[in-house]
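Read the structure below first, then the notes.
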Amino acid sequence: MKPVIGVMPLYDEEKDSIWMVPGYMEGIRRAGGIPLMVPLWCEGEDLGQINDICAGYLFTGGQDVDPHLYGEEPDALCGRINHARDELEKRIFDMAWEKDKAVFGICRGLQVLNVFLGGTLYQDLPSQYAPARDPSTGMVDHHMRAPYDRVCHQVDILRDTPLHRILGRTKLGVNSYHHQGIKALAPGLRVMAAAEDGLVEGVYAPDKRYIQAVQWHPEFMGAGDMDAANIFEGFIKGCV
């Protein structure tokens, strides 16, 4: 039996509709899982049923996380917030954490996992993160322009971490499309990758079977990218 993976929905404010980036679904499918987009509005009992059939969850990119969730007021440069999505993902994460189900986060997914476990975020890297403000540090472009299936900057992968075991390397070229990032790392997480400017780019929960997240976007890299494929395959293996 292939594992069913609950995928967090994306939301379009202008169209008042949920949608999905095909790369998320294809990454799961090619790795041997069955992707299932979770409804944005879902009652408790319905979530329980969804949890019964899902072996793991993919927390996708999207809107900024509500700063109130980590004890701050929204900055003027904080982006759009979707409270329904924050609430849905918190409930699903709590269920997954309790049942020790696999969770993989991408971009916002990394950020929201950090917040749910007690960490904080830079609401806007260009204005709040010191290396991004000081050109003498050698600026890293964290907010690239399309196309997104190309390398934007490098990350250092820490040895003896899950990502190092999956990819077998200590350097990786990644794409990058975000303006927020981890400020204070949550107590339950450990770093497994960092950008050249020191920003956390990959995390995992050492006390759980499989909880991992990356800041970049393997879903945009296409079927021919073996590193992206190995990351998705590692997630699916963590679900079974």
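All values below come from the heavy atoms of this structure, side chains included, with hydrogens, waters and symmetry mates left out.
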Return yes if some donor-acceptor pair links the side-chain N/O of Lys208 with the main-chain N/O of Trp97 below 3.5 Å, else return no.
yes
Check whether any side-chain heavy atom of Ile236 lies under 4.5 Å from a side-chain heavy atom of Pro3, and answer yes or no.
yes
Pair His179, Asp64: side-chain N/O donor-acceptor within cut-off below 3.5 Å
yes
Hey, does the side chain of Thr120 reach the backbone of Ala184 with a donor-acceptor pair shorter than 3.5 angstrom?
yes
Angle class for the Phe104/Phe232 ring planes (parallel below 30°, perpendicular above 60°, tilted otherwise)?
perpendicular
Answer with yes or no whether the hydrophobic clustering places Ile157 together with Leu189; edges join I, L, V, M, F, W, Y residues whose side-chain heavy atoms lie under 4.5 Å apart.
yes
Would you mind reporting whether Met8 and Arg108 have side-chain heavy atoms less than 4.5 Å apart?
no
Linking I/L/V/M/F/W/Y whenever their side-chain heavy atoms sit closer than 4.5 Å, directly or via other members, would Val214 and Ile5 fall into one cluster?
yes
If only side-chain N and O atoms count, and only distance matters, is there a donor-acceptor pair under 3.5 Å linking His68 with Glu73?
yes
Check this for me: Lys237, atom NZ, are more than 12 non-hydrogen atoms of other residues, nucleotides or ligands nearer than 6.0 Å?
no
What's the spacing between Tyr177 OH and Cys107 SG if we round to 0.5 Å?
9.5 Å
Looking at Gln123 and Asp75, would you say the former's side chain and the latter's main chain have a donor-acceptor pair under 3.5 Å?
yes
Tell me whether Arg190 contacts the main-chain N or O of Tyr204 through its side chain, where contact means a donor paired with an acceptor under 3.5 Å.
no
To the closest 0.5 Å, what do you measure between CG (Asp197) and CD (Glu201)?
7.5 Å
Pro9 versus Leu88, closest heavy-atom pair with distance:
CD-CD2, 3.9 Å
Once you measure the plane-to-plane angle for Phe59 and Phe116, does it fall in the parallel (<30°), tilted (30-60°) or perpendicular (>60°) bin?
perpendicular
Side-chain contact, heavy-atom cut-off 4.5 Å: Arg159 with Thr170?
yes
Less than 4.5 Å apart, any side-chain heavy atom of Leu172 and any of Asp227?
yes
For Tyr148 together with His217, are the ring centres under 6.0 Å from each other?
no
Indicate yes or no for a side-chain donor-acceptor contact from Asn230 to the backbone of Met226 under 3.5 Å, with no hydrogens or angles considered.
yes
Are Leu199 and Val112 grouped together when hydrophobic residues (ILVMFWY) are joined by side-chain heavy atoms under 4.5 angstrom apart?
no
Do Asn175 and Asp149 make a side-chain contact, defined as non-hydrogen atoms from C-beta onward lying under 4.5 Å apart?
no
Would Val21 end up clustered with Met221 when hydrophobic side chains under 4.5 Å apart are linked, directly or stepwise?
no
Can you find a side-chain donor-acceptor pair between Glu219 and Tyr24 that sits under 3.5 Å?
yes
With rounding to the nearest 0.5 angstrom, report the CG to CD1 distance, Leu10 to Ile18.
9.0 Å
Any side-chain heavy-atom pair of Leu121 and Val65 under 4.5 Å:
yes
Regarding Lys90 and Asp94, does a basic nitrogen lie under 4.0 Å from an acidic carboxylate oxygen?
yes
Keeping the roles fixed (side chain from Asp66, backbone from Leu69), state whether a donor-acceptor pair exists under 3.5 Å.
no
Heavy-atom pair of closest approach, residues His164 and Asp160:
ND1-N, 3.7 Å
Ile182 vs Tyr122 side-chain heavy atoms within contact, under 4.5 Å
no
Here the gap from His153 atom NE2 to Ser176 atom OG, rounded to the nearest 0.5 Å, amounts to 3.5 Å
Distance-only donor-acceptor pairs under 3.5 Å for side chains of residues 35-54, two or more places apart:
residue	atom	partner	partner atom	Å
Asn51	OD1	Tyr57	OH	2.6

Check the side chains of His178 and Gln180 for a donor-acceptor pair under 3.5 angstrom, ignoring hydrogens and angles.
no
With distance as the sole test, does Tyr210 use its side chain to make a donor-acceptor pair with the main-chain N or O of Asp100 at under 3.5 Å?
no
Between the CE atom in Met192 and the CG atom in Leu163, the distance rounded to the nearest 0.5 Å is 5.0 Å
Would you say Tyr11 and Asp16 are linked by a side-chain donor-acceptor pair, where the criterion is simply a distance under 3.5 Å?
yes
Determine, step by step, whether Glu26 and Arg29 satisfy the salt bridge (charged side-chain N to carboxylate O under 4.0 Å, His left out) criterion, reporting the C-alpha distance in whole Å, the side-chain angles of both residues, the deciding distance to 0.1 Å, and the verdict.
CA-CA 5 Å; Glu26 283 300 291; Arg29 187 189 62 81; 2.6 Å; yes
Ion pair check, Glu89 and Arg85, cut-off under 4.0 Å
yes
Does the side chain of Glu13 come within less than 4.5 Å of Gln63's, by heavy atoms?
yes
